[in-house]
Structure formats: C-alpha cells, structure tokens
There are 2 protein chains.
Amino acid sequence: MTDGVVERPRPRDRILETARDMFHKHGIKGVGVDAITEAAGTNKMTLYRHFESKDDLIVECLRANASKAGAMWEAFEAEFPGDKLAQLHAWVRKAAAMLNADGRGCDMANAAAELTEPDHPARRVIKELKEAQRERLVALCRDAGIGQAELLADTLSLLFEGARVSVQTVGTEGPSAQFVRMAEGLIVSFRGTAAG
Amino acid sequence: MTDGVVERPRPRDRILETARDMFHKHGIKGVGVDAITEAAGTNKMTLYRHFESKDDLIVECLRANASKAGAMWEAFEAEFPGDKLAQLHAWVRKAAAMLNADGRGCDMANAAAELTEPDHPARRVIKELKEAQRERLVALCRDAGIGQAELLADTLSLLFEGARVSVQTVGTEGPSAQFVRMAEGLIVSFRGTAAG
DNA sequence: TCTGGAAGTTACAGACCGGTAACACCCTAG
DNA sequence: CTAGGGTGTTACCGGTCTGTAACTTCCAGA
C-alpha cells in the first residue's frame, strides 16, 4: 500500500472549506480571518498568500458552493438518466431535505443580505450563479415536457427560496413545512396544462 | 396659527427612524452606532440614554417595522370594509409594490441572516412578529371563504418571501417579476376548491 | 546534503467597534 | 429668576477588524 492514512488537505483547501463552513454558520461579517485560519489549523499569513483579501476569499467560497450545487444536478441525471420528470421530483425532495438540514438559509442569499455595497465583488458572482441555477431549473422543466416551463421553474424557485428564509425566521414548523405539498401540487397542475 | 413649522421629532424618535433606514439599507452589522447618531443629528450618549444597547435598538427597530406593517393591514380594511377577498388582492398588489420599491429584502429576514447567535434577543421578536404576520394572512384567507386557507396563506407568504430575496440577488427582472401572476393564479385555483 | 519554496510565528499598523465618564449647555416648568 | 432634566461635547477604554513586515522552520526534490 502506498498510503495508509488520509492525506491532510493543503492549507488553501483547508482554509476554503473552513471558511465556507463558518460563513454558513455565523454569517460573513460574523467571522474574522483570524478565526478562520485558527479553525483551519493555519495562520493569517498563509491565508493572505492564497487569497488577495477577505472579499476574494468570500467570492471563492461562493463559487465552491455553486460547484457543489452543480454536482447535485449531475447526481440527478445519474440517478434518473433521461427521465427529466423524475429528476424534477428528485429536486423537490432534495430541496425539502435542505430545509431540514440546518436552520440557515441559502449562503448566496445570506451573503446578498449582508454585503450591501452595490459594487461588492461578491454581488456579481451571486447574480451570475443564481441565474445559472435558474437556467438549469427552467431547462429541467422544459425537458420534462411542461408547457409553461419558465413560470413553473420561477414559481418553484421562489417557493424554495422563501422556504429557506422562513426556516431561518420561524423554524421548520412554519410555512416551509408544506413545501413538498406545494411543489408537487404545482407540478401536477402545470402538467395538466402541458402543451405537447 | 399655533405652529407654522414642522416640529422636529425628539432625539429618541430621530434615532429610531434613522437606525431603521440605515439598518435596512446597509444591514445591521454594516452600521455602527456612531454613524447612526451622526445621521440622526445627535450623539452617542443620547442614544445610550434611550436604548440599553445596540441590540436593544435593533429590537426596537424591528418592532417599529412590524407596527408599520400593522398599519398596512388596517389600511386594507379601511379601503375594502368587510370585503376580505378584495383585501387579499390588495395584499398581493402591495406585496408586488414592495418588490419594486428597492433592492433590499425583508428587514426581519435580513436580520435573521445576520444575527446568527441562537439566543440573540432579536431572534425571539423576529419569530414572534413573523408568526403574527402569518396568522393575519391565514385569517384573511379563511374569512375570504377559501377552503384550505392555511395552505394558501403559507404558499403566498413563501412566494413573497422568496421574491424578496430573489430581488436582492438577481434583481427585479428575475423570477420575482412573475409574482403577481403566480399569486393571482393561486388564489383563483384555491377559490375553485373552496368549501362552502 | 544542499537548496528553494511553502508554511508558520510574532509583532505590529491603522482603523473601527460598542460602551462609558465627566462636564458644559440650554430650555422649560415652576 | 431659578432649578433640573434632557441634551451636546470631548475624551477615553478595551477589544476586534483587515492587512502587512520580518523572520524562522520545515520539507521535498535534486
């Protein structure tokens, strides 16, 4: 055997992963770079050798999140190859699971709430990544044979987005508890009006 | 005439109003008490004579917001006395107007995103006020003769909540642009299944 | 074994934060 | 006119923030 133990990731990856976790849990302005480097088992100088600034680190974290989300979509396709409708239902189930995962909302939405400067570098990538997500959901609805694919996709994403912030304010017993029922009902309703 | 000029509000009210505006625009952690007092035309000592702490000021701002929202409900009743269905449609229009008002989301949701400490005093009042809002919308749907009033109210509030964060991330041209169509469609759909 | 680069350490700069103390001022009610 | 409370001013405390400088240590590859 060439390697019995798990290799410890390089400092840059440890910093990125730790920052993602801490930003998610405590918010961006609620975490300092000292706390990140300490939790990552490294130090501030190493962080600033790999990232230009805290803002740069924030942007990289958001991109890493989006890349993880991208993997989720590929998992849908792998599980139900070609069956777009099944993938859409898988999306609903996955979304519902996220609601109960923890009491925190979407990292991008939370970041947008915190970083209010209109020209903050993170705002560009948040918009860009959110639009990409929307495109994916629209394409999924369209390929599933839904007539008004854009409208269904937008409705579903607003419902999900709303459910995530609702969890953050009133908890999982609030309106978000009905998310699956709402989403499934919408899909049924839109399928009824599908245009061949 | 007893008073020709508009009376300048007392320092406490100026601080409260200024803080509400600045918290809304720049986020809670993005504004310091110095900036608030300066913008309110007063000083830090006066702030701390009227509010125990910044956290206390935050809570008072949230309560003031909720009280303004309460006035909105009374305006609905005043405009369409007894006509609950008309009031529900007025709520939809008002919600849509808020989406285009500015690019910032709900102050309570934003505050919940920023104040992550589980026992932060603001979290209690956010939950309390959001639950009161939900009750009002449920009651309105029920009194409008909708069968599944809770489900419609929860769906509408998730849609609205989602639209507000969507505006914050991708702007008014995104999914939130369809909010009115979604909401009106839902109301029609739920009225179709109304139980006498 | 030597070397070069990545990583760690310590200290610091400069700014901002929430919050307080001490004191001067002004305006109004009596 | 006077007394007193609300207000304004200045200075300060201890802490935290992002970001940098100068230096040491470690480790892999030649």
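This is a predicted model, so every value here is computed, not measured. Protein chains get the first letters and strands the later ones, always in sequence-line order, with residue 1 at the start of each.
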Mind calculating the distance between [atom1] ([X]) and [atom2] ([N]) to the nearest angstrom?
X	N	atom1	atom2	answer
B:R14	D:dT7	CZ	P	8 Å
A:I36	D:dC17	CD1	P	10 Å
A:F51	C:dA6	CZ	P	15 Å
B:R10	D:dG5	CZ	C1'	10 Å
B:E38	D:dG8	CD	C1'	14 Å
B:K29	D:dC17	NZ	C1'	13 Å
A:R8	C:dA7	CZ	C1'	11 Å
A:L47	D:dT20	CG	P	11 Å

Measuring to OP1 and OP2 of [N], would you say a side-chain N or O of [X] lies under 4.0 angstrom away?
X	N	result
B:T46	D:dT7	no
A:H50	C:dA6	no
A:T42	C:dA7	no

Whether the A:D102 and A:H24 side chains hold a donor-acceptor pair (N or O, under 3.5 Å, no angle test) is what I'd like checked. yes
Judged by modelled atom types alone, do A:N110 and A:Q168 share a side-chain donor-acceptor pair under 3.5 Å? yes
At under 4.0 Å between heavy atoms, how does the protein contact nucleotides 17-24 of chain C? Give one character per nucleotide, 5' to 3', with B, S or -. -BBBBB--
Decide yes or no on salt bridge (Lys or Arg N to Asp or Glu O under 4.0 Å) for A:E77 and A:K84, but give the supporting numbers first. CA-CA 8 Å; A:E77 175 63 35; A:K84 297 300 181 181; 3.1 Å; yes
Which atom of A:P175 lies closest to which atom of A:M182, heavy atoms considered: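 Looking at all heavy atoms of both residues, the shortest contact is O-CE, 3.7 Å.
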Provide the closest heavy-atom pair for A:E161 versus A:A109 in the form atom of the first, atom of the second, distance. OE2-CB, 4.1 Å
Heavy-atom side-chain contact between B:D21 and B:E17 under 4.5 Å: no
Using side-chain contact (heavy atoms from CB on, under 4.5 Å), reason through B:D107 and B:F23 one step at a time and then give a plain yes or no. CA-CA 8 Å; B:D107 289 330; B:F23 286 155; over 6 Å; no
